Number of protein chains: 2
Amino acid sequence: MKRQTAQRRAIEQVFEQHDRLLSIPEIRAYGSQIVPSLNQATVYRNIKQLVAAGRIRQVNHPDLGTRYERTQKSHHHHFHCNGCNRVMVLPGCALKDDHIVPDGFVLESHDIFLSGLCDQCAGH
Amino acid sequence: MKRQTAQRRAIEQVFEQHDRLLSIPEIRAYGSQIVPSLNQATVYRNIKQLVAAGRIRQVNHPDLGTRYERTQKSHHHHFHCNGCNRVMVLPGCALKDDHIVPDGFVLESHDIFLSGLCDQCAGH
DNA sequence: TATTTATTGCAAATGCATTATCATTTGCAT
DNA sequence: ATGCAAATGATAATGCATTTGCAATAAATA
């Protein structure tokens with residue numbers, strides 16, 4: 001990551017414009033609107049570097065596979081809309097506070113994946 | 001699934017003996033203790049049939065990939081121990097009851113994946 | 001502006017989980 | 001006990017996401 005390139009700027013811009021979990025094809029599609037030549041291999045290469053640099057984070061969604069999002073966000077969970085198939089961010093924590101692991105267990109982290117319909121898809 | 005075979009019985013037995021999320025290699029390893037010849041392709045074939053028959057369910061763990069568990073269990077979540085690397089079942093629900101999705105959203109399902117240390121790995 | 005070399009685009013290659021092929025074995029009805 | 005089709009074991013093949021090789025392009029630096 002020693003040089004500024006239009007492709008890399010485009011990819012970062014995609015994450016600014018779409019504040020939700022994105023797949024490689026989505027990143028490539030949105031990025032192509034900025035830099036039409038944008039190649040899939042270039043997306044992979046830059047995503048890898050951005051993850052290594054700590055600017056974006058990989059999320060393995062149980063239903064959708066590998067996705068990416070910007071790191072600079074506070075604790076949140078992901079909501080997958082079965083209507084529009086997008087994954088949006090729900091700020092805050094949905095985990096019960098009390099006593100969810102058995103005695104003796106140490107809880108270090110958790111991931112919560114919600115799904116259903118977003119307001120647009122649910123409302124008629 | 002028209003015939004009873006030693007292999008299929010062995011695989012079902014594995015799930016009875018190990019009441020947690022199992023990977024294909026784990027199923028194969030435990031099953032081999034019952035039927036030594038047990039082949040990996042046979043495991044895949046039988047797992048597929050057992051899933052189709054509704055006897056076991058596939059779970060895509062965000063950190064560990066594809067795993068399987070018996071269906072006949074009430075609502076629960078999964079705890080991945082970073083010590084012994086097993087995934088155990090925590091009965092009950094750890095989701096906050098109130099107002100976790102924005103207005104207008106419809107919540108249909110959720111998956112919660114916890115991780116940390118189990119009692120055996122945490123206790124000294 | 002010329003030079004250097006990181007980065008790109010393209011296509012082929014890789015790794016991996018899963019599936020298909022096929023000869024052999026085995027459950028089960030007769 | 002026999003015959004037939006389902007199931008197995010061994011291995012090759014597939015699909016897919018991701019990676020790599022390489023020539024061409026384009027940032028940065030002098």
Side-chain angles (χ1 to χ4, degrees), chain A residues 1-15 21-69 78 80 85-87 113, chain B residues 1-15 21-69 78 80 85-87 113:
Chain A
M1 213 142 76
K2 302 188 175 173
R3 290 180 187 172
Q4 290 273 329
T5 67
Q7 294 66 352
R8 183 170 302 133
R9 259 179 274 119
I11 290 172
E12 294 228 50
Q13 211 176 323
V14 166
F15 281 98
L21 280 189
L22 299 174
S23 65
I24 295 289
E26 281 175 324
I27 298 163
R28 179 166 157 2
Y30 289 133
S32 296
Q33 294 172 6
I34 306 170
V35 177
S37 72
L38 183 62
N39 190 273
Q40 175 168 283
T42 302
V43 174
Y44 272 106
R45 280 188 280 239
N46 277 297
I47 289 296
K48 194 180 208 176
Q49 290 181 319
L50 290 167
V51 169
R55 301 183 59 72
I56 65 173
R57 158 198 312 130
Q58 181 176 328
V59 176
N60 299 121
H61 188 104
D63 300 328
L64 303 169
T66 308
R67 303 264 154 156
Y68 300 90
E69 68 180 357
H78 298 110
H80 174 213
N85 215 41
R86 294 181 301 171
V87 179
F113 297 95
Chain B
M1 211 142 77
K2 304 188 174 176
R3 290 178 186 172
Q4 290 273 329
T5 66
Q7 296 63 354
R8 182 170 304 134
R9 260 179 273 119
I11 290 171
E12 295 229 48
Q13 211 175 323
V14 166
F15 281 97
L21 280 190
L22 298 175
S23 65
I24 295 288
E26 280 175 325
I27 298 164
R28 179 169 155 8
Y30 289 133
S32 295
Q33 294 171 7
I34 305 169
V35 177
S37 72
L38 183 62
N39 190 273
Q40 176 169 284
T42 301
V43 175
Y44 272 105
R45 278 187 284 240
N46 279 298
I47 289 295
K48 193 182 208 175
Q49 290 182 320
L50 290 168
V51 169
R55 299 183 61 72
I56 65 172
R57 159 198 311 131
Q58 181 176 327
V59 176
N60 299 122
H61 189 104
D63 299 329
L64 303 169
T66 308
R67 304 266 154 155
Y68 300 89
E69 69 180 356
H78 299 110
H80 174 214
N85 215 43
R86 294 180 302 172
V87 179
F113 298 95

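Chain identifiers are assigned alphabetically (A, B, ...) following the order of the sequence lines, protein sequences preceding nucleic acid strands; residue numbering begins at 1 within each chain. Note that the coordinates shown come from a computational prediction; the quantities given were computed from them, not determined experimentally.
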Novice: With respect to the phosphate group of dA26(D), does any side-chain polar atom (N or O) of T5(A) fall under 4.0 Å of OP1 or OP2?
Specialist: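 No.
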Novice: So if I take every side-chain heavy atom of T66(B) and compare against dT18(C), dA27(D), dT8(D), which nucleotide ends up nearest?
Specialist: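 Side chain of T66(B) sits closest to dT18(C).
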Novice: Side chain of K2(A) only, please: which of dA6(C), dC10(C), dG9(D) is the nearest?
Specialist: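 Within the option list, the nearest is dA6(C).
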Novice: Taking only the side-chain heavy atoms of A41(A) (C-beta and beyond), determine which of dG9(D), dT18(C), dC10(C) contains the nearest atom.
Specialist: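 Per side-chain heavy atoms of A41(A), the pick is dC10(C).
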Novice: So which of L50(A), V59(A), I24(A) actually passes side chain to side chain contact (heavy atoms under 4.5 Å, CB included) with Y68(A)?
Specialist: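 For Y68(A), the side chain to side chain contact (heavy atoms under 4.5 Å, CB included) check succeeds only for I24(A).
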Novice: Between Y44(B) and dT18(C), does any side-chain N or O lie under 4.0 Å from OP1 or OP2?
Specialist: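 Yes, Y44(B) has a side-chain N/O under 4.0 Å of OP1/OP2 on dT18(C).
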Novice: Assert yes or no for the condition that the ring centre distance of F113(B) to H80(B) is strictly below 6.0 Å.
Specialist: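 Ring centres of H80(B) and F113(B) not closer than 6.0 Å.
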Novice: Of the listed nucleotides (dA11(C), dT8(C), dT18(D)), which one gets closest to any side-chain atom of I24(A)?
Specialist: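 Nucleotide nearest to I24(A)'s side chain: dT18(D).
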Novice: Below 4.0 angstrom from OP1 or OP2 of dG9(D), is there any side-chain N or O of Q7(B)?
Specialist: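 Answer is yes, contact under 4.0 Å.
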Novice: Side chain of R8(B): nearest nucleotide among dA7(D), dT18(C), dA17(D)?
Specialist: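 Nearest to the side-chain atoms of R8(B), counting from C-beta on, is dA7(D).
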Novice: What's the CG-P distance between N46(A) and dT19(D), to the nearest Å?
Specialist: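 Roughly 13 Å, once rounded to whole Å.
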Novice: Among dG9(C), dA10(D), dA28(D), find the nucleotide with the atom closest to the side chain of N39(B).
Specialist: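 Of the candidates, dA10(D) comes closest.
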Novice: If each of V35(B) and R3(B) is mapped to the nucleotide of DNA chain D with the nearest heavy atom, which maps nearer the 5' terminus, i.e. the 5' end?
Specialist: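 Its nucleotide being nearer the 5' end, the pick is R3(B).
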Novice: Tell me whether the OP1 or OP2 atom of dT19(D) has a side-chain N or O from K48(A) closer than 4.0 Å.
Specialist: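 Checking dT19(D) against K48(A), a side-chain N or O does come within under 4.0 Å of OP1 or OP2.
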